[in-house]
2 protein chains.
Amino acid sequence: MKETTQTQPGPLRVSASHRELLDQVLDKWSLLVMEELCDRPSRFNELRSAIPAVTAKSLSATLRRLERNGMVERIVGDRRPVSVTYRITPLGKTMREPVEALLAWTTTHLPAVEAARTAYDERADGGGHAVQSRPPD
Amino acid sequence: MKETTQTQPGPLRVSASHRELLDQVLDKWSLLVMEELCDRPSRFNELRSAIPAVTAKSLSATLRRLERNGMVERIVGDRRPVSVTYRITPLGKTMREPVEALLAWTTTHLPAVEAARTAYDERADGGGHAVQSRPPD
DNA sequence: CGGCATCCTCTTTGATACTG
DNA sequence: CAGTATCAAAGAGGATGCCG
């Protein structure tokens with residue numbers, strides 16, 4: 001394990017601006033889209049194919065939001081039936097590292113989380129609360 | 001063509017399980033609650049005071065979800081008017097690093113994002129799309 | 001092909017009130 | 001104090017249809 005990073009001093013301040021930005025950038029479809037665009041630029045319908053569960057409306061909204069936040073770039077070709085390509089921006093690329101760290105965390109700890117879920121569900125299922133007494137303060 | 005030939009950086013796989021876990025742990029109130037509990041254990045109404053915008057219902061739901069996922073621990077004191085304390089678990093602490101990395105990212109890049117937003121809004125306001133021709137493919 | 005507009009539903013959230 | 005129950009409001013998201 002590498003614990004070279006700061007662990008105990010962190011303020012972990014979650015301001016409204018931070019929250020809003022995370023909401024816009026980590027929402028349901030954004031991560032999938034960013035994942036695709038990190039690999040290569042894609043056109044609208046390529047993205048739809050790559051992410052079958054997304055509807056045109058949601059994809060469109062996601063792309064516009066990401067574009068507005070400077071994460072992706074919308075490139076319109078001058079062909080006839082219009083061809084639009086989306087590409088990740090340099091700013092968008094900077095997001096990759098922290099997001100990957102987060103994803104790595106989920107990969108590492110998902111088993112522990114699932115164990116906790118099972119334990120919790122069994123506890124709730126069995127009857128009352130199995131809690132130990134521990135006087136606070 | 002290259003399929004999933006990810007190069008140097010990590011895979012960035014966003015599976016359904018990852019997505020679900022992130023949704024449970026990064027949602028609207030969870031980060032605020034975790035932030036509080038990282039500092040010190042707190043009781044229910046302490047958390048309500050610390051996070052004025054949250055309702056009892058939402059806080060309750062958030063805490064139960066975090067508890068189910070093994071991120072926080074619910075400790076019931078044996079006093080008369082019941083005192084319940086919430087404390088972060090070791091598993092919960094492991095989340096702090098990647099979350100802080102993400103928060104640091106927002107802090108670093110929020111100015112760039114806001115600039116992008118302004119530029120986008122002005123572009124949209126001015127009229128149609130200011131698009132440059134760039135033939136894809 | 002790449003969208004946006006409309007309608008409609010389903011989920012989430014908040015306000016309020018009540019309980020152990 | 002620490003919640004739960006209920007209702008109302010809001011919003012995300014899907015389905016469909018049209019347009020450049």
Side-chain angles (χ1 to χ4, degrees), chain A residues 19-20 22-33 36-37 41-68 72-87 124 127-129 131 133-137, chain B residues 16 19-20 23-33 36-37 41-68 72-87 124 127-129 131 133-137:
Chain A
R19 182 72 257 177
E20 189 196 9
L22 290 182
D23 283 343
Q24 307 231 340
V25 139
L26 294 182
D27 82 285
K28 190 175 180 185
W29 302 113
S30 293
L31 280 190
L32 279 315
V33 170
E36 274 303 309
L37 295 184
S42 296
R43 289 189 296 184
F44 190 83
N45 282 326
E46 284 183 311
L47 289 171
R48 286 195 69 178
S49 306
I51 312 170
V54 76
T55 62
K57 179 185 177 182
S58 298
L59 179 57
S60 176
T62 299
L63 285 169
R64 261 183 287 112
R65 186 170 33 234
L66 290 175
E67 186 193 1
R68 194 175 100 96
V72 309
E73 189 186 3
R74 183 174 181 273
I75 303 154
V76 181
D78 46 1
R79 293 162 159 195
R80 310 157 288 90
V82 272
S83 77
V84 180
T85 303
Y86 292 93
R87 183 193 308 198
H129 287 259
V131 288
S133 303
R134 191 176 199 289
D137 183 50
Chain B
R19 183 71 256 178
E20 188 196 10
D23 283 341
Q24 307 232 337
V25 139
L26 294 183
D27 81 284
K28 190 175 180 185
W29 302 115
S30 293
L31 279 190
L32 280 316
V33 170
E36 276 303 310
L37 296 184
S42 299
R43 299 214 301 253
F44 189 84
N45 283 327
E46 284 184 310
L47 289 171
R48 287 194 68 178
S49 306
I51 312 170
V54 76
T55 61
K57 181 184 176 181
S58 297
L59 180 56
S60 177
T62 299
L63 285 169
R64 263 183 287 112
R65 187 174 330 122
L66 290 176
E67 187 194 359
R68 193 174 102 95
V72 309
E73 190 184 2
R74 185 175 179 271
I75 302 155
V76 181
D78 44 2
R79 292 159 159 192
R80 302 19 92 174
V82 274
S83 78
V84 179
T85 303
Y86 291 92
R87 183 195 306 198
H129 286 259
V131 288
S133 302
R134 194 180 195 287
D137 175 49

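Per chain, numbering begins at 1; letters A, B, ... match sequence-line order.
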Could you go through nucleotides 5-7 of chain D and list every protein N or O atom that sits under 3.5 Å from one of its N or O atoms, giving the distance for each pair?
{"unit_1": "D:dT6", "atom_1": "O4", "unit_2": "B:Lys57", "atom_2": "NZ", "d": "3.4"}

Ignoring backbone atoms, establish whether [X] has a side-chain N or O less than 4.0 Å from OP1 or OP2 of [N].
X       : N      : answer
A:Ser58 : D:dG14 : yes
B:Trp29 : C:dT12 : no
A:Ser60 : C:dG3  : no
A:Ser83 : C:dG2  : no
B:Arg43 : D:dA2  : yes
A:Arg64 : C:dC4  : yes
B:Tyr86 : D:dG3  : yes

Could you check how far [atom1] of [X] sits from [atom2] of [N], rounded to whole Å?
X       : N      : atom1 : atom2 : result
B:Gln24 : C:dT11 : CD    : P     : 16 Å
A:Lys28 : C:dT11 : NZ    : P     : 11 Å
B:Arg65 : C:dT11 : CZ    : P     : 15 Å
A:Asp23 : D:dG11 : CG    : C1'   : 13 Å
A:Leu59 : D:dA12 : CG    : P     : 17 Å
B:Arg19 : D:dG13 : CZ    : C1'   : 15 Å
B:Asn45 : D:dT4  : CG    : P     : 13 Å
A:Ile51 : D:dG14 : CD1   : C1'   : 16 Å

Once rounded to the nearest 0.5 Å, what's the spacing between atom [atom1] of [X] and atom [atom2] of [Y]?
X       : Y       : atom1 : atom2 : value
B:Phe44 : B:Arg74 : CZ    : CZ    : 10.0 Å
B:Thr62 : B:Leu32 : OG1   : CG    : 9.5 Å
A:Tyr86 : A:Glu36 : OH    : CD    : 14.5 Å

Counting side-chain heavy atoms from CB outward, which of [options] is closest to [X]?
X       : options               : result
A:Arg74 : C:dG3, D:dA2, D:dG14  : C:dG3
B:Phe44 : C:dA15, D:dG14, D:dA2 : D:dA2
B:Thr55 : C:dG2, C:dG14, C:dC4  : C:dG14

List, one per line, each side-chain donor-acceptor pair under 3.5 Å for residues 53-60 of chain A, sequence neighbours excluded.
{"unit_1": "A:Thr55", "atom_1": "OG1", "unit_2": "A:Ser58", "atom_2": "N", "d": "3.3"}
{"unit_1": "A:Thr55", "atom_1": "OG1", "unit_2": "A:Ser58", "atom_2": "OG", "d": "3.2"}
{"unit_1": "A:Ser60", "atom_1": "OG", "unit_2": "A:Arg64", "atom_2": "NH2", "d": "3.2"}

B:Asp23: which residues meet the side-chain hydrogen bond (donor to acceptor under 3.5 Å, both in side chains) condition with it, sequence neighbours left out?
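By the side-chain hydrogen bond (donor to acceptor under 3.5 Å, both in side chains) rule, B:Asp23 matches B:Arg19.
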
Taking side-chain hydrogen bond (donor to acceptor under 3.5 Å, both in side chains) as the definition, give me every residue that meets it alongside B:Ser30, ordered by chain and number, with sequence neighbours left out.
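If we apply the side-chain hydrogen bond (donor to acceptor under 3.5 Å, both in side chains) test to B:Ser30, skipping adjacent residues, the hits are B:Asp27.
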
Which part of the nucleic acid does A:Ala53 contact within heavy-atom distance under 4.0 Å: base, sugar-phosphate only, or nothing?
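If one applies the 4.0 Å heavy-atom cut-off, A:Ala53 turns out to touch the sugar-phosphate alone, with no base involved.
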
Its dot-bracket string being built from Watson-Crick and G-U pairs below 3.5 Å, with | for another strand and [ ] for crossing, DNA chain D has the pattern ||||||||||||||||||||

Looking at every non-hydrogen atom in both residues, tell me the closest pair between B:Leu26 and A:Leu26 and how far apart they are.
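Shortest heavy-atom separation between B:Leu26 and A:Leu26 comes out as CD1-CD1, 4.0 Å.
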
Residues in salt bridge (charged side-chain N to carboxylate O under 4.0 Å, His left out) contact with A:Glu46, at least two apart in sequence or another chain:
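A:Glu46 satisfies salt bridge (charged side-chain N to carboxylate O under 4.0 Å, His left out) with no other residue.
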
Among A:Leu37, A:Val72, A:Ile75, find the residue that satisfies the side-chain contact (heavy atoms from CB on, under 4.5 Å) test when tested with A:Arg87.
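The side-chain contact (heavy atoms from CB on, under 4.5 Å) with A:Arg87 is passed solely by A:Ile75 among A:Leu37, A:Val72, A:Ile75.
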
